[in-house]
2 protein chains.
Amino acid sequence: MSKQVSTLKEVALPAVTTSARMAGEERRLQILRVAMRLFAHSGFRGTTTKKIAQAAGVSEAMVFRHFATKDELYDAILDQKACDGGMGDPRVFLDDAIKRRDDRAVFETLALRMMLHHEQDTEFLRLLTHSALEGHQFSEMFWERVVTDLYEFLGGYVRERQRDGAFRNIDPVVIVRAFAGMVIHHSLNNTLWDKKRRLLDITDEQAARAFTGILLSGISEKAEARATRGRRAHQSTRRVSSRNK
Amino acid sequence: MSKQVSTLKEVALPAVTTSARMAGEERRLQILRVAMRLFAHSGFRGTTTKKIAQAAGVSEAMVFRHFATKDELYDAILDQKACDGGMGDPRVFLDDAIKRRDDRAVFETLALRMMLHHEQDTEFLRLLTHSALEGHQFSEMFWERVVTDLYEFLGGYVRERQRDGAFRNIDPVVIVRAFAGMVIHHSLNNTLWDKKRRLLDITDEQAARAFTGILLSGISEKAEARATRGRRAHQSTRRVSSRNK
DNA sequence: TTGCAAAGTAAGTGCTTACTTACCATCGCT
DNA sequence: AGCGATGGTAAGTAAGCACTTACTTTGCAA
């Protein structure tokens, strides 16, 4: 590594050309959206109120008319993100699959929902990670509310299926961690590390199917469950995304 | 969520009480160590030169005597971390297991090595994540050098074992991603999100064994490979770490 | 048409930041 | 003893920060 390496990239986000005067609420929302983008990119400390104002095409004073402090603005953004919940309630959109005891559907739709959410709202993962690093309440709240809940819920399902004799007797929490690990790590890779997808370029559907396949084969009690499906789910999906070229 | 939530935690790192005059190189290393801790905690922008100086028990001017700029100090730290490589060369410490075609040993020792490294050098993951979020060269370099290399190496092994007929025909890159996901996500959880291990408290050995078990059963061609081992590797390891109480 | 509330700004305020300057203190060597 | 190299500091500086003040413009209802 050479000297003088660090040059934090400047994102010249083009000032939104909303020339005219805006209604109060409209301007408020616009500032919120703009600030969200900036906070997601540079974190709390890396984003100045001046930049926010410039990106919104107003003076700094306008920012402070709508939000008393920078903290308040940040919290307003996180509030919004927290209300989104993330991707909807798993208890709802997995209800059907769970009743049918369709393990593949349970894990695959969950994986897909998570990855799609992470992909369409890339700011979310960035805000969350920044928050976790900075020790901000948001990440703690998200953990306690969303993550804990998911572990409990999915862990419960796994436990049931173990009682059914369908899954091997592995600590359900470990299974959930393994599954979440594959999915979230993949999303984190795509939004943070390997945006160009140079190492692995597959669609979310392919990823969801592959991860689910590995996990289910990995925890299933019966060998039969493995052979049925998940056999043709791949064969060099690498660098052949439906999205690219 | 209530208003005015954000209060970035202040870490009152006690000033290192090294009263006396120090030799140049000694002081330099001390500042480096102290700064590493602070940068890992608060990132580049969140760490002031004043705090570094205070934590090292010297005046700010001393910091700038040893490092011309804050950037140079940061780079010096990342240089050191990068030279550590991370955890040693997998091609070396996996050599034996690979020659024996001992899949379990290959994945388990790799997982363990990674997790132990992450645990004993928690600053590493934090620095890396901060760097990735801030778009710093360090993360890119790490990606290109270490990560890409690991994918290639481990992917190569997987491909061989597929030719042997031992593994199912899944894209090797996907398999590596799934494996890395479980391991890294678990480490990230322990160092960033759930430091108290409230959700899952197992030793690195247990985690390595469990993840390897799931992965290998998940990708093995033969049903026999599954039953042999990995059967008794757990049964509610939750909340019973050898380290706690 | 006018009046007035709300949208908007220019130019600050005081504090913090990275970094500097000009000076003192102490160690080790002859 | 004494002196130069080196460890160390107090007190800056200019730029940048979050936030304020005092003021101007504009849409629109009566």
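This one's a predicted model, so the numbers in the text were calculated from it and none came from an experiment. All chains are named by letter (A, B, ...) in the order of the sequence lines, taking the proteins before the strands, and each is independently numbered beginning at 1.
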Next on the checklist: Applying side-chain contact (heavy atoms from CB on, under 4.5 Å), can you list everything that pairs with B:L150, at least two apart in sequence or on another chain?
Outcome noted: B:P90, B:L110
Checklist entry - Parallel, tilted or perpendicular for B:F124 and B:H118, by the 30°/60° rule? => result parallel
Next on the checklist: Rounding to an integer number of Å, can you tell me how far A:E72 CD sits from D:dA18 P?
Outcome noted: 15 Å
Next on the checklist: Just the rounded figure in Å: distance from C1' of D:dA18 to CZ of A:F67.
Outcome noted: 16 Å
Item to check | Distance in angstrom units between A:E25 CD and C:dA5 P, rounded | outcome: 21 Å
Checklist entry - Contact class for B:V58 vs. all strands (heavy atom < 4.0 Å): base, sugar-phosphate, or nothing? => result sugar-phosphate
Checklist entry - Between A:Y74 and A:F39, is the ring centre distance below 6.0 Å? => result yes
Checklist entry - Base, sugar-phosphate, or nothing for A:T48, non-hydrogen atoms under 4.0 angstrom? => result sugar-phosphate
Next on the checklist: OP1 or OP2 of D:dG7 versus the side-chain N and O atoms of B:R27: is any pair under 4.0 Å?
Outcome noted: no
Checklist entry - Salt bridge check: are B:E140 and A:K195 linked by an N-O gap of less than 4.0 Å? => result no
Checklist entry - In the 5'-to-3' direction, what one-character label does each nucleotide of nucleotides 19-27 of chain D receive under the scheme B = base within less than 4.0 Å of a protein heavy atom, S = sugar-phosphate only, - = no such atom? => result BBB---BB-
Checklist outcome for this item: Between B:M62 and A:K50, the residue closer to the 5' end of DNA chain D by nearest nucleotide is B:M62
Item to check | Value in whole Å for how far the P atom of D:dA18 lies from CD of A:Q54 | outcome: 12 Å
Item to check | Test salt bridge (Lys or Arg N to Asp or Glu O under 4.0 Å) applied to A:R198 and B:E152, step by step | outcome: CA-CA 12 Å; A:R198 286 183 296 169; B:E152 219 162 278; over 6 Å; no
Checklist entry - For the pair made of CZ in B:R28 and P in D:dG8, what is the distance, rounded to whole Å? => result 14 Å
Checklist entry - Taking the inter-plane angle between the rings of A:W193 and B:W143 on a 0 to 90° scale, is it parallel (under 30°), tilted (30 to 60°) or perpendicular (over 60°)? => result parallel
